[in-house]
Undergrad: 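This is the structure I want to talk about, given as structure tokens.
This one's a predicted model, so the numbers in the text were calculated from it and none came from an experiment. Along the sequence shown, the residues carry numbers beginning at 1.
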Amino acid sequence: MRPNSQLSGILHVLLHMAEHDGPVTSEALAAMMQTNPVVIRRIMAGLRDSGYVRSEKGHGGGWTLACDLAAVTLRDVYDSLGRPSLFAIGHRSDNPDCLVEQAVNAALDTSIQAAETLLLSRLGAITLAALSADFHDRLERRKRPRKGDICHAG
């Protein structure tokens, strides 16, 4: 099963937007995420509804940040994406009367819930500003910026 990289991708896009002066088009964002602009518009609509981005129509329009990076956590962004499944692990439900299946499912459910709780807590402790600061620290440590340091920004 292919991992869902939507959260990682949209965090990538948000940080690029923070580095960019002015609006960024759906087409440019789609190129960053290697997807279709329609997919970007759908994802960004959820972020707009949460107040994290805004869109401007017409010539020179596009998406801009509408929030303070220090006020938005990775958990906030995850929630804006509709809370996609965090893990691909699931359980069987072929024979719900089977006591073995019930025992296995109970153990998996408990473990998965504990892991989700921990992950969501950690995502809630990291802000977009912290990610931006980490990026800038990494860039500063480089003696000479190389192509790809700001991988898709224009």
Undergrad: How far does NE2 of His20 sit from CG of Leu65, to the nearest 0.5 angstrom?
TA: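 The CG atom of Leu65 is 11.0 Å from NE2 of His20, to the nearest 0.5 Å.
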Undergrad: Which atom names give the shortest non-hydrogen contact between Trp63 and Ser26, and what distance separates them?
TA: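 Taking Trp63 first and Ser26 second, the nearest heavy atoms are NE1-OG, 2.9 Å.
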Undergrad: What's the separation between atom CD in Glu116 and atom OG in Ser121, rounded to the nearest 0.5 Å?
TA: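 Rounded to the nearest 0.5 Å, the CD-OG separation comes out at 13.0 Å.
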Undergrad: Would you find more than 12 non-hydrogen atoms of other residues, nucleotides or ligands less than 6.0 Å from Ile126 atom CD1?
TA: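 Yes.
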Undergrad: Look up atom CD1 in Ile43 and atom CG in Leu29, then write down how far apart they are to the nearest 0.5 Å.
TA: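 Here the interatomic distance stands at 10.0 Å.
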Undergrad: Quick one: are Arg41 and Pro37 in side-chain contact, heavy atoms under 4.5 Å?
TA: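 Side chain of Arg41 against side chain of Pro37, heavy atoms only: contact under 4.5 Å found.
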Undergrad: Salt bridge or not between Asp137 and Arg141? Use side-chain N to carboxylate O under 4.0 Å.
TA: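 No, Asp137 and Arg141 are not salt-bridged.
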Undergrad: Rounded to the nearest 0.5 Å, what separates atom NE2 in His16 from atom CZ in Phe135?
TA: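 The NE2 atom of His16 sits 7.5 Å away from the CZ atom of Phe135.
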Undergrad: Would Glu19 and Leu15 count as a side chain to side chain contact (heavy atoms under 4.5 Å, CB included) if you check the C-alpha gap in whole Å, the side-chain angles of each, and the deciding distance to 0.1 Å?
TA: CA-CA 7 Å; Glu19 297 296 316; Leu15 290 181; 5.8 Å; no
Undergrad: Can you see which heavy atom on Val77 is nearest to which on Val72, and at what distance?
TA: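 Shortest heavy-atom separation between Val77 and Val72 comes out as CG2-CG1, 3.9 Å.
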Undergrad: Does Asp49 have more than 12 heavy atoms from other residues, nucleotides or ligands lying within 6.0 Å of its CG?
TA: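 Yes, because the 6.0 Å sphere around CG of Asp49 holds more than 12 heavy atoms from other groups.
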Undergrad: My understanding is that only residues two or more places apart in sequence, or in another chain, count here; which of them pass side-chain hydrogen bond (donor to acceptor under 3.5 Å, both in side chains) with Arg92?
TA: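 Here the qualifying residues are Asp94.
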Undergrad: Could you pull out the closest heavy-atom pair between Gly60 and Pro23, with the gap in Å?
TA: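 Closest approach of Gly60 to Pro23: O-CG, 3.3 Å.
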Undergrad: Can you name the side-chain hydrogen bond (donor to acceptor under 3.5 Å, both in side chains) partners of Asp109, sequence neighbours left out?
TA: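 side-chain hydrogen bond (donor to acceptor under 3.5 Å, both in side chains) list for Asp109, sorted by chain: His91.
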Undergrad: Quick one: pull up CD in Glu27 and CG in Asn36 and give me the separation to the nearest 0.5 Å.
TA: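 Rounded to the nearest 0.5 Å, the CD-CG separation comes to 9.0 Å.
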Undergrad: When clusters are formed by joining ILVMFWY residues with side-chain heavy atoms under 4.5 Å apart, either directly or through shared neighbours, do Val100 and Leu108 land in the same one?
TA: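 Yes, it is one cluster - the side chains of Val100 and Leu108 are joined through contacts under 4.5 Å.
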Undergrad: So Leu47 and Leu14, do their side chains get closer than 4.5 Å, heavy atoms only?
TA: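 Result yes, sub-4.5 Å side-chain heavy-atom pair found.
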Undergrad: Taking all atoms of both residues into account, what is the closest heavy-atom pair of Cys67 and Gly51, and its distance?
TA: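 Taking every non-hydrogen atom into account, CB-O, 4.1 Å.
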Undergrad: Minimum heavy-atom separation for Leu69 and Ala18, please, with both atom names.
TA: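 That closest heavy-atom pairing would be CD1-CB, 3.8 Å.
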Undergrad: Using a 3.5 Å distance criterion without hydrogens, assess whether the side chain of Tyr78 forms a donor-acceptor pair with backbone atoms of Pro84.
TA: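 Side chain of Tyr78 to backbone of Pro84: a pair is present.
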Undergrad: Less than 4.5 Å apart, side chain to side chain, heavy atoms only: is that true for Leu120 and Leu86?
TA: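 Sidechains of Leu86 and Leu120: in contact.
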Undergrad: State, with a plain yes or no, whether a side-chain heavy atom of Ile10 is found less than 4.5 Å away from one of Met44.
TA: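 Heavy-atom side-chain distance check passes, below 4.5 Å.
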Undergrad: Could you tell me the separation between the CG atom of Leu11 and the OG atom of Ser132, rounded to the nearest 0.5 Å?
TA: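 Output value for this atom pair is 12.0 Å.
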Undergrad: Short question: side chain of Thr117, backbone of Gln113 - any donor-acceptor pair under 3.5 Å?
TA: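 Looks like yes, one N/O pair under 3.5 Å.
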Undergrad: Counting distance only, does the side-chain N/O of Asp76 pair as donor-acceptor with the main-chain N or O of Thr73 below 3.5 Å?
TA: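 Flag set: sc Asp76 to bb Thr73 pair under 3.5 Å.
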Undergrad: Closest approach of Ser55 and Arg48, non-hydrogen atoms and distance?
TA: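 Here Ser55 and Arg48 meet closest at OG-NH1, 3.3 Å.
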Undergrad: Set out, in order, the CA-CA distance, both residues' side-chain angles and the distance that settles side chain to side chain contact (heavy atoms under 4.5 Å, CB included) for Met33 and Val39, then state yes or no.
TA: CA-CA 10 Å; Met33 289 186 67; Val39 173; over 6 Å; no
